[in-house]
Number of protein chains: 2
Amino acid sequence: MILSTKGRYGLKAAFELALNYGGGPVSLKTISSKYNISENYLEQLLAKLRKQGFIETVRGVNGGYMLARKPEEITVGMILRALEGEMTPSDCLSGDVCTRESVCATRVIFEQIEKGINNVIDNTYLGDMVRQNSKVMQEAKLL
Amino acid sequence: MILSTKGRYGLKAAFELALNYGGGPVSLKTISSKYNISENYLEQLLAKLRKQGFIETVRGVNGGYMLARKPEEITVGMILRALEGEMTPSDCLSGDVCTRESVCATRVIFEQIEKGINNVIDNTYLGDMVRQNSKVMQEAKLL
DNA sequence: AGTATACCCTAGTAAAATTGTCAACTATTC
DNA sequence: GAATAGTTGACAATTTTACTAGGGTATACT
Ligand code: FES
Ligand code: FES
């Protein structure tokens with residue numbers, strides 16, 4: 001398992017906000033009950049996204065959460081990194097030099113894995129998810 | 001962080017065995033001191049690899065570990081999965097149906113991430129690592 | 001035969017990460 | 001001012017990680 005619930009829940013929530021982009025704030029309760037996620041826990045995840053500038057909030061009655069930018073400007077990678085930290089297979093890749101060996105055979109592998117992951121998450125925008133989803137939903141209706 | 005020390009240490013050990021393929025068994029102590037890994041801990045990792053048929057052992061004096069197959073027949077993915085379990089971003093992808101939604105927008109993302117990872121680890125063999133390493137070592141010498 | 005070497009196996013365990021829960025507080029609307 | 005809804009910090013249960021400890025077994029060498 002590569003992603004914890006933090007990344008998985010948080011991405012679902014971000015997708016939900018993208019789905020409702022432009023339609024006013026969505027309350028925590030709405031999201032948590034739709035996806036069956038603990039309310040208080042999801043709150044903490046959304047707080048992280050807010051502190052990093054991806055979502056905005058409106059307090060009080062009829063308040064809730066909303067994307068701070070267009071769905072076309074937020075990548076899946078931004079969301080996942082905000083929640084899970086760097087998406088690296090090994091610490092060595094982010095900053096620190098390999099401890100023991102000057103030339104490390106496994107490092108090359110880790111770099112490639114990282115590249116493979118980044119390639120997906122940095123090139124998929126929340127907007128893409130919304131479009132893809134509406135296409136799938138339409139096809140499901142046609143059956 | 002995607003891989004734990006299990007996968008990272010285990011892959012290093014497997015690489016070391018690939019490096020010595022055909023040259024008799026390599027002792028635990030040799031590997032653990034070369035890579036600065038706890039002996040008893042590494043033993044447990046190698047036990048997993050043995051139980052899944054990737055390495056063989058010779059007991060007694062001058063004994064040690066050796067690959068059970070050619071380095072060209074063992075992928076990085078085999079090693080990592082033996083140690084870490086399925087390399088999936090989300091449980092949903094391995095067997096279980098998505099719980100809440102019939103059509104899940106994030107599932108597509110997880111599938112692509114998984115595909116990206118598998119693409120690397122299933123197409124890289126220990127033999128490739130050895131060749132790549134010897135090339136890098138030669139280049140380093142020429143400087 | 002005896003001893004040193006080296007793998008085998010199980011149990012335990014401290015620390016960290018994960019996955020939440022709880023409760024008091026603040027802001028907004030009606 | 002009552003109801004709604006986000007904010008914050010503390011904290012607790014559970015699981016995973018990364019080991020450690022120690023006895024057991026097989027082999028080689030003398
Ligand atoms: S020791 Fe850092 S990647 Fe090898
Ligand atoms: S609920 Fe399983 S991938 Fe979405």
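These numbers were taken from a predicted model, which means no experiment stands behind them. Reminder, nothing fancy here: chain letters follow the sequence lines and each chain counts from 1.
Of the side-chain N and O atoms in B:Lys6, one or more sit less than 4.0 angstrom from OP1 or OP2 of D:dT17.
With respect to B:Arg107 and B:Glu111, a salt bridge is recorded, a charged nitrogen being found less than 4.0 Å from a carboxylate O. Salt bridge status for B:Glu56 with B:Arg50: absent, with no side-chain N to carboxylate O gap under 4.0 Å.
Atom pair B:Leu3:CG and D:dA18:C1' shows a separation of 15 Å (rounding to whole Å applied). Across the protein-nucleic acid pair, B:Leu83 atom CG and D:dT17 atom C1' stand 14 Å apart, rounded to whole Å. Rounding to whole angstrom units, CG of residue A:Asn40 and C1' of D:dC11 are separated by 13 Å. Protein atom CG of B:Leu45 is 10 Å distant from nucleotide atom P of D:dA18, rounded to whole Å. To the nearest angstrom, P of D:dT20 lies 12 Å from CD of B:Glu43. Put simply, CG on A:Leu17 is 14 Å from C1' on D:dG6, counting in whole angstrom units.
Within residues 49-61 of chain B, the residues having any heavy atom closer than 4.0 Å to DNA chain D are, in order of number, B:Arg59, B:Gly60, B:Val61. Near-neighbour residues of DNA chain C inside residues 20-28 of chain B, defined by a heavy atom below 4.0 Å, number-ordered: B:Val26, B:Ser27, B:Leu28.
Sorted by first then second residue, the salt bridge (charged side-chain N to carboxylate O under 4.0 Å, His left out) pairs that include residues 126-143 of chain B, not counting sequence neighbours, are B:Glu72-B:Arg131, B:Asp128-B:Arg131. Applying the salt bridge (charged side-chain N to carboxylate O under 4.0 Å, His left out) test to every pair with at least one member in residues 81-90 of chain B, sequence neighbours left out, gives these pairs: B:Arg81-B:Glu86, B:Arg81-B:Asp122.
Evaluation of atom-type donor-acceptor distances gives no pair under 3.5 Å for the side chain of B:Glu39 against the base of D:dT20. Side-chain atoms of A:Asn62 stay outside donor-acceptor range of the base of D:dA5, with no qualifying N/O pair under 3.5 Å.
Distance alone, capped at 3.5 Å, is enough to place a donor-acceptor pair between the A:Thr75 side chain and the A:Met78 backbone.
Considering CZ of A:Phe15 and SG of B:Cys104, their distance stands at 8.0 Å, rounded to 0.5 Å.
When the side chains of ILVMFWY residues are joined at heavy-atom separations under 4.5 Å, either directly or via intervening members, A:Leu93 and B:Ile117 end up in a single hydrophobic cluster.
A donor and an acceptor atom, one from each side chain of B:Tyr41 and B:Thr5, are located under 3.5 Å apart.
First and last contacting nucleotides of DNA chain C toward chain B (any atom under 4.0 angstrom from a heavy atom, 5' to 3' order): C:dA4 to C:dA11.
For the helix from C:dA1-D:dT30 to C:dC30-D:dG1, the angle separating the two terminal helix axes comes to 10°, with each axis derived from five pairs and the value rounded to 10°.
More than 12 heavy atoms of other residues, nucleotides or ligands sit less than 6.0 Å from atom CZ of B:Phe54.
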